[in-house]
Amino acid sequence: MLKELLSHSDIIASEGSLDKEITSVTCDSRTVAPGSLFVAVPGTAVDGHRFIGQAVERGASAVLCQTMPEELREGVAYVSVADTALELGRVASLFYGEPSKRLKLVGVTGTNGKTTTATLLYDMFTAMGYKAGLVSTVVYRIGERRVESTHTTPDSIRLNELLRQMADEGCDYCFMEVSSHSVVQHRIEGLHFVGGIFTNITHDHLDYHKTFAAYIAAKKGFFDMLPGEAFALVNGDDRNGSVMVQNTRAKAYRYALKSPADFKCRIVEAIFGGMELDIDGHDVWVRFIGRFNAYNLTAVYGAAVLLGAPREEVLRQLSMLHSVSGRFDYVTSPEGVTAIVDYAHTPDALENVLDTIGEIRKGRSRIITVVGCGGNRDKTKRPEMAVIGLKNSDFLILTSDNPRFEKPEDILEDMRKGITESGMESKGRYVVISDRREAIRMAAAMAEGGRNGEGDIILIAGKGHENYQEIEGVRHHFDDKEEIASLFSE
C-alpha cells in the first residue's frame with residue numbers, strides 16, 4: 001500500500017487517498033504502468049517534474065514530488081516531500097521488502113581499489129562456501145549468475161531489485177562498491193549496511209563535486225549513515241581515514257602498512273609473480289603485485305575477520321585469490337616483453353602502478369607507458385597524469401581513452417600542457433598519438449625483449465577491464481589486453 005511505502009518519508013503535503021495498492025515504483029515516466037508510483041526527481045540534465053503529466057496519462061496511481069503540479073487528476077494521489085531523491089531510496093527499499101536487512105551488506109568506498117576489494121571479498125566468501133552477491137564497476141553477480149553492470153552503484157530502484165533477487169536466491173552476503181555520486185544522489189538511502197570500508201581518497205571526480213572538500217564530504221557521508229552495530233574499516237595510512245570515521249556511529253577499525261593499526265601488513269618480497277606479505281605476524285604468499293594491492297588485500301583480510309571468518313582460513317584464502325580483470329593484468333610476449341593493462345585513471349593510481357613496476361623491473365628493462373584521459377570528465381587531472389607518466393617512464397605515449405563528446409586532440413592538448421608547464425618538454429621522451437590502437441602498436445614495436453625478466457615493460461593505463469571505446473555517444477569494441485596480445489602473437 002502507498003501509505004506503507006511512505007511510512008519512513010517526511011511528507012509535507014498530500015492530495016488524494018494514500019490507501020492505494022502500488023504495483024511498481026519508477027522515476028522514469030516511460031516505464032510507468034497502471035498502478036505505478038511515479039517519483040519526480042530533479043536530475044542534473046532533466047527535471048522529472050516535467051513528466052508528471054505523462055506519468056499520470058500512462059496510469060500512475062500516485063506521484064511523489066517536491067512541487068505539487070498545478071493540475072491534479074482525480075483518483076491520483078499526490079505527495080510532496082522536501083527531497084524526492086532521498087525519499088526514493090527509502091520507498092524503493094520498502095517496496096522490495098527491505099532486502100538489505102536479509103543480507104550482510106558491506107560497502108566499499110574510496111578513489112582507488114573499490115572494485116578489487118569488493119570483488120576479492122566476493123571471491124573469498126564464495127570460496128569459503130557462502131552464496132554472495134557483488135555490485136561493482138565491472139559486473140553485478142547474484143551467486144554465480146552474472147548480470148551486466150551499468151553503473152558503479154546503480155540507482156536505488158535497480159539496487160533494491162538486485163538485493164531482493166540476492167536475498168530470494170539465498171545469498172548470505174553482498175559486497176558493493178559505493179561511489180561518491182551514489183552517496184550525494186541518495187542512491188544508498190534506506191539500505192542497511194553491516195560494514196563499510198574506506199580504501200583511500202585522491203584527485204578524481206572534481207567535474208562533478210567541484211572541490212576536493214566536497215568529494216571528501218561525499219565519501220564521509222557513507223560512514224555517517226552506518227548504524228552503531230556496523231564496522232567502519234579505514235586505511236590508517238591515508239590522512240583522510242580518520243576524517244571518514246569522525247562522526248560515524250559504527251565501530252572504527254584501521255588497517256595499514258606504515259602506521260599502527262588493528263590489521264597490519266608488511267611487504268616482505270615482491271616479484272612479477274606475486275608478493276610475500278606479513279599480515280599480523282603471519283607469512284602469506286599472494287598472486288598480486290604492488291603496494292596498492294597489499295592495501296587492498298589487508299582491507300579484505302580485516303573485513304573478513306570482522307565478519308566473523310577465522311583468521312587462519314582468511315589467510316589461506318588470500319593465498320588462493322586471483323587478480324581482478326583489468327587490474328595489473330599482464331601478458332608476456334615470446335621475446336620477453338611484459339605488457340600490463342591497468343584501470344589506473346587517476347594521478348594517484350597511475351603513480352602507484354608505475355612505482356610498482358619500477359620496484360620490480362630488472363636490469364635494463366625500460367618502462368613504456370601508454371595513457372590517456374576520458375572526455376567530459378575532470379579536466380584538472382589531465383596535465384598531472386601526463387607529468388606523472390613522463391616522470392616515471394622511460395618513454396611516454398599520450399593517446400585517447402574514452403573521448404566521449406570531446407575532441408581527442410583537445411584532451412591530449414590538456415595533457416601535453418602539463419609537460420610543457422612542468423619544464424619537462426625538453427626531455428623529448430614522449431609522443432602524442434590520438435589513435436589508441438596505433439599508440440599500443442608503437443609501444444609494442446619499440447619494446448625490446450630480454451631473458452630472465454629483463455625485457456621492456458609496457459603499461460597500458462586508463463581503461464583496464466573496459467572492452468569498448470566511447471566516441472560521440474557510441475561504444476566501439478576495443479579491448480587493451482586483446483590489442484596487445486594480438487600484437488605479441490604476430
Side-chain angles (χ1 to χ4, degrees), residues 1-11 14 18 20-28 31-32 35-41 43 48 60-66 77 79-109 118 132-136 140 142 147 150-179 181-196 218 221-230 249-250:
M1 297 291 286
L2 177 60
K3 184 187 294 183
E4 294 165 354
L5 293 183
L6 298 174
S7 61
H8 294 175
S9 298
D10 300 318
I11 297 173
S14 65
L18 302 186
K20 290 182 178 293
E21 197 70 40
I22 298 299
T23 57
S24 68
V25 176
T26 180
C27 56
D28 184 345
T31 64
V32 169
S36 293
L37 166 62
F38 174 67
V39 184
V41 179
S61 292
V63 173
L64 188 64
C65 54
Q66 292 177 191
V79 180
S80 69
V81 293
D83 189 334
T84 47
L86 179 73
E87 302 299 347
L88 178 60
R90 296 171 179 173
V91 168
S93 176
L94 288 169
F95 180 78
Y96 286 100
E98 297 187 285
S100 60
K101 290 185 176 180
R102 296 168 57 194
L103 301 157
K104 289 182 179 177
L105 177 63
V106 177
V108 185
T109 196
L134 174 67
V135 180
S136 80
Y140 307 149
I142 301 170
V147 181
T150 54
H151 294 80
T152 298
T153 313
D155 68 74
S156 50
I157 297 171
R158 176 66 173 141
L159 184 51
N160 278 280
E161 181 186 21
L162 281 168
L163 294 174
R164 173 63 180 266
Q165 290 178 45
M166 291 176 192
D168 286 351
E169 294 184 28
C171 288
D172 304 291
Y173 296 88
C174 175
F175 302 103
M176 182 176 89
E177 290 188 52
V178 176
S179 68
H181 294 69
S182 73
V183 178
V184 173
Q185 294 169 7
H186 304 298
R187 289 184 231 158
I188 58 172
E189 187 67 34
L191 299 186
H192 181 269
F193 289 89
V194 300
F222 168 55
F223 292 93
D224 290 349
M225 69 174 282
L226 291 177
E229 63 272 19
R249 290 168 294 167

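Every heavy atom of this structure was used, including side-chain atoms; hydrogens, water molecules and symmetry mates were not.
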*Applying side-chain hydrogen bond (donor to acceptor under 3.5 Å, both in side chains), name anything that partners Thr109, two or more places apart in sequence or on another chain.*
Lys219

*Looking only at heavy atoms, which two atoms of Phe38 and Ala60 are closest? And how far apart?*
CB-CB, 4.4 Å

_Those residues that, when tested against Ser182, pass side chain to side chain contact (heavy atoms under 4.5 Å, CB included) (two or more places apart)_ = Thr153, Val178, Ser179, Arg187, Ile188

*Who are the side chain to side chain contact (heavy atoms under 4.5 Å, CB included) partners of Gln66, not counting sequence neighbours?*
Pro42, His49, Asp83, Thr84

*asked:* Please evaluate residues Arg102 and Met166 with respect to the criterion side-chain contact (heavy atoms from CB on, under 4.5 Å), reporting the C-alpha separation (whole Å), side-chain torsions for both, the decisive distance (0.1 Å), and the verdict.
replied: CA-CA 9 Å; Arg102 296 168 57 194; Met166 291 176 192; over 6 Å; no

*Can you name the residues that form a salt bridge (charged side-chain N to carboxylate O under 4.0 Å, His left out) with Glu229, not counting sequence neighbours?*
none

*Please assess Arg164 against Glu161 for the test salt bridge (Lys or Arg N to Asp or Glu O under 4.0 Å), listing each intermediate value before the final yes or no.*
CA-CA 5 Å; Arg164 173 63 180 266; Glu161 181 186 21; over 6 Å; no

*Quick one: closest heavy-atom pair of Ala92 and Ile157, and the distance?*
CB-CA, 4.1 Å

*Heavy atoms only: give me the nearest Ser93-Gly190 pair and the separation to one decimal.*
OG-O, 3.2 Å

*Going from CD1 on Ile11 to OG on Ser80, what distance comes out if it is rounded to the nearest 0.5 angstrom?*
8.5 Å

*asked:* If the condition is side-chain hydrogen bond (donor to acceptor under 3.5 Å, both in side chains), which residues does Ser36 pass it with, not counting sequence neighbours?
replied: Ser24

Hey, can you pull the donor-acceptor pairs under 3.5 Å for the side chains in residues 1-8, sequence neighbours left out?
| from | atom 1 | to | atom 2 | distance (Å) |
| --- | --- | --- | --- | --- |
| Lys3 | NZ | Asp19 | OD1 | 3.1 |
| Ser7 | OG | Glu4 | O | 2.8 |

_Reported CD-to-CD1 distance for the pair Gln165 and Ile142, which is rounded to 0.5 angstrom_ = 4.0 Å

*Residues two or more places apart in sequence or in another chain: which of them pass salt bridge (charged side-chain N to carboxylate O under 4.0 Å, His left out) with Arg90?*
Asp10, Glu87, Glu189

*Should Leu103 and Val194 count as side-chain neighbours, where that means a heavy-atom distance under 4.5 Å?*
no

*asked:* With rounding to the nearest 0.5 angstrom, report the CG to SG distance, Leu159 to Cys174.
replied: 7.5 Å

_Atom of Ala250, atom of Ala230 and distance for their closest heavy-atom approach_ = CB-O, 3.3 Å

*Who pairs with Phe193 by ring-ring contact (aromatic ring centres under 6.0 Å, His included), at least two apart in sequence or on another chain?*
Phe222

*Taking only residues two or more places apart in sequence or in another chain, which ones pass side chain to side chain contact (heavy atoms under 4.5 Å, CB included) with Ser100?*
Leu105, Leu163, Leu191, His192

*Thr26: partners by side-chain hydrogen bond (donor to acceptor under 3.5 Å, both in side chains), with sequence neighbours left out*: Thr31

*If you look at every heavy atom in Pro99 and Ala167, which pair is closest and at what distance?*
O-CB, 4.3 Å

*For the residue pair Asn160 and Gly89, what are the closest heavy atoms and their distance?*
ND2-O, 4.2 Å

*By side-chain hydrogen bond (donor to acceptor under 3.5 Å, both in side chains), which residues pair with Thr23, not counting sequence neighbours?*
none

*asked:* Just verifying a value: how many Å separate Ser156 OG and Tyr96 OH, rounded to the nearest 0.5 Å?
replied: 10.0 Å

*Under the salt bridge (charged side-chain N to carboxylate O under 4.0 Å, His left out) test, which residues partner Asp28, sequence neighbours left out?*
Arg30

